[in-house]
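Notes to accompany the following structure.
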Amino acid sequence: MKTFYVTTPIYYANSLPHLGHLYTMIVADAIARHQRQQGIETFFLTGTDEHGINIERAAKLNHRTPQEQADYVVSYYKQMTAAFGLDTAHGGYDIFMRTTEPFHYQGVSELWRRAAKAKTPKGRDALYKGHYEGWFCAACAAYKTEDEYLKPTNPDEPPTCLIHETKLDRVSEDSYFFRLSDYDDALLGLYEARPDFVQPEARRNEVRSLVRGGLQDLSVSRLKSSVSWGVPVPDDPDHTMYVWFEALTNYITAIGFGNEQQERAIGFEKFWPALHLVGKDILRFHAVYWPAFLMAAGVKQPRAIVAHGMWVDSAGRKMSKTLGNTIDLDVLNRHFSIDSIRYFCLREMVFGQDGRFGYENLIDRTNSDLASGLGNLSSRTLTMIERYCDGRIPSGNISEEGLLLAKRAGVDTDETTISGFISHARDEFIRYFDNFGFSRALEEAWAIVARADKMISDAKPWDLAKDPAQQQTLNAVLYRAAETLRWLSVLLYPVMPNATREIYTQLGLTEEVSKVNPSQLKWAGLPEGTQISEVMGLFPRLDKTKIMDEIKGTGPSVSGGPDERGSSPTVGEGSGQHATEADAVPGGAANASDRRSRTILREGISQHATKADAVKNETGDGLIEITDFAKIDLRVGEVRSAERIPKADKLLLLTVDIGEEKPRQILAGIAQYYAPEQLVGRKIVVVANLKPRKLRGHESQGMLLAASVGEEGKPVIATFAEDVSNGARLK
Ligand code: MSP
């Protein structure tokens, strides 16, 4: 049986995902569904990249161990993929790969051992020990050459990464090197022999010229003393593997390379080689390093490396957490259907090129292409079948006697005109889809929508219905429209799994649209007499003004730059939320400019909002998603000590044991209501994943919860009636 294996990059477990990450998953998911529809056994991998200095740092910042940090991000990813219908339960990925899995350690050690024994194509050792001296960007997890960073104006300062605009780390240590410089000819030979190996063409050219320009050997390990959170180098435990060496290998360890159990469960032999779908930002790692590692280890090359463009902000900068210009998945999830997001992503971004994201575009496309386009075609067709044909799919045939009448009504008596058009568009759709031209493929599908719409408008079924003699003509028109809907559902299933299933059901079809092969569709396959189901709208029209107002309340979107990220979150006194350290900061009443200064911090996501906006943000229509709540890490804490802070009459400085190695220091604006001695020994609720911040020269490492009572908003600290252990999680 034919098999197919598609992968997304595995995402860094240092921060929560945004639209960019979702996008690659959507594309991979659509590809996987398209393959499965053709009866091809498909394996779809996504997951997280959990080692390295950037995870270690994020963990530290969040007062977690690296493993806890990874677990936290993974739990969000899992909720997010479920919410967007991308998980296994919804027919999405087959594995959520985690590089902290023991089988991964085993497989990656095997790859290393093989590379350590290998000779390069030029006959030298593929791995050797040396000394690395240079600059490293933690966010890219990459070493940077002079043309990849911005030199500082002050020579004592480190240079800045051109991508992330963050300071680089100086690395000077012993390291294992991969002799990449010996692989240039072999790689160029690979690109030559397999023109589809790197796609699209422009990316292939980019990679070829990069390799032609000469390759430098690559440092593939760090000293354990500088990066401890990583896979140990086999037989040399003072070193951990460079995270890219290890992370890339996930694509084969996931399916069983180097681990028998995983091999039996999934099958390296069965599924490898994979199609790697990546953003162009990480093309070099996939199209140069990875093939070279595989050559050294004697493993077959991937099927292809396919790079898409980036979602960028209005200034053309890649959407990224570090730049603070991301599109928040919770906002998307709250306001838009999964299918309209999927459709938009695949239709709007010309695959391979960068795309600008705008909520307004998303609303416009949803309204024009989905609500007025496909949705309207579906509901008008089915409503007319309901009304004029007793809710049964009519016959598409026109008898000899009826031909003249049909012609008189301006209806084409030759059914093959429309079926020929649609079947050609179907072929084009598949051709584009198979070549990652999703946007073009969807244009073809919408040409079908337009064709069917025109057929209906020209034939005017509502007029035909007035003349009993025209029943056959009317039936034929409605049959053609319904059959067109069936074809559209099959074609569009990989793009919009929910809406197409719905159309299928409304057409009265019981088979699974996910299992119908679009290339085998035959015209007139829709059985006459089928009872249709209740007709329901597929894509409600979106109220642009209302949605935009709500979204604006949730802070900067893709247009936001680093200057909009907000620095210190300040909120005026008397703002009604006492007992938080933020409230304890003197700040004055909220005015227009203060309204922009409140930063709602979620881990890895910073958003501005006014107080009112903050409420809107979290509650919207009064409800939040479970994923919103899951982002807040609430823990039971025990107050160990409490003291006043000189010259800050509202603040108390507490140390609170939340079950960690060391108690947290937390500042709370409750000094006017609680004497320090009242608090010692009390069990309280702590928001444990709030970014630390300085108040009056003291770092506050969390926030305690309290009710705000009465008009003056007197804080009453939340506590427990029963005995609970420190650090217990509130869920
Ligand atoms: N961990 C590495 C990948 C290792 S794969 C063996 C990594 N992680 S990442 O979290 O930074 O994810 C990068 C990928 O996320 C991109 O290649 C792309 O697939 C997706 N995107 C992140 N930001 C994006 C945009 N702004 N636009 C489109 N896709 C983006 O790199």
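Just follow the structure's listing: the first ligand is 1, and inside any ligand the first atom is 1.
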*N/O to N/O below 3.5 Å, does that happen between I282 and ligand 1?*
no

*Distance to 0.1 Å, residue and atom name: give those for the protein heavy atom nearest to atom 19 (O) of ligand 1.*
T24 OG1, 2.7 Å

*What residue and atom, counting heavy atoms only, is the protein's closest point to atom 24 (C) of ligand 1, and at what distance?*
G20 CA, 3.4 Å

_Tell me if the centroids of the rings in Y11 and H18 come within less than 6.0 Å of each other._
no

*Atoms of ligand 1 less than 4.0 Å from K318 heavy atoms?*
23 (N), 26 (N)

*Give the residue, atom name and distance (to 0.1 Å) of the protein heavy atom nearest atom 5 (S) of ligand 1.*
Y251 OH, 3.3 Å

*Is I10 in polar range of ligand 1, meaning some N or O pair under 3.5 Å apart?*
yes

*Return the residue, atom name and 0.1 Å-rounded distance of the protein heavy atom closest to atom 27 (N) of ligand 1.*
W311 N, 2.8 Å

_Starting from atom 23 (N) of ligand 1, what is the nearest protein heavy atom, named by residue and atom, and what distance separates them?_
H18 CE1, 3.4 Å

*Could I get the full list of ring-ring contact (aromatic ring centres under 6.0 Å, His included) partners for Y493, not counting sequence neighbours?*
none

*D49 heavy atoms, cut-off 4.0 Å: which ligand 1 atoms fall inside?*
1 (N), 2 (C), 4 (C)

_Please check this pair: side chain of T366 against backbone of L362, looking for a donor-acceptor N/O pair closer than 3.5 Å._
yes

_contact_flag W290 ligand 1 heavy-atom lt 4.0 Å_ = no

*Taking atom types as modelled and ignoring hydrogens, do the side chains of T65 and Q67 form a donor-acceptor contact shorter than 3.5 angstrom?*
no

*Which ligand 1 atoms, with their elements, are less than 4.0 angstrom from a heavy-atom of H308?*
18 (C), 19 (O), 28 (C), 29 (N)

*Judged by atom type as modelled, is there a donor-acceptor pair below 3.5 Å linking the side chain of R33 to the main-chain atoms of P494?*
no

*asked:* Can you tell me which portion of H286 lies within the under-4.0 Å heavy-atom range of ligand 1? Options are side chain, backbone, both, or neither.
replied: side chain

*Check ligand 1 against G309 and write out every atom of the ligand that is under 4.0 Å from a heavy-atom position of the residue.*
28 (C)

*For atom 9 (S) of ligand 1, what is the nearest protein heavy atom, given as residue, atom name and distance?*
Y12 CD1, 3.6 Å

*Any sub-3.5 Å donor-acceptor pair from E56's side-chain atoms to W229's backbone N or O?*
yes

*Which atoms of ligand 1 sit under 4.0 Å from any heavy atom of D281?*
13 (C), 16 (C), 17 (O)

*asked:* Parallel, tilted or perpendicular, judged at 30° and 60°: which one describes the rings of Y289 and F285?
replied: perpendicular

*Report the relative orientation of the aromatic rings in Y176 and W112; use parallel for angles under 30°, tilted for 30 to 60°, perpendicular for over 60°.*
perpendicular

*Can N498 and D339 be counted as having a side-chain donor-acceptor contact under 3.5 angstrom?*
yes

*In terms of residue, atom name and distance, what is the protein heavy atom nearest to atom 12 (O) of ligand 1?*
Y11 CD2, 3.4 Å

*With D184, which residues qualify under salt bridge (charged side-chain N to carboxylate O under 4.0 Å, His left out), at least two apart?*
K122

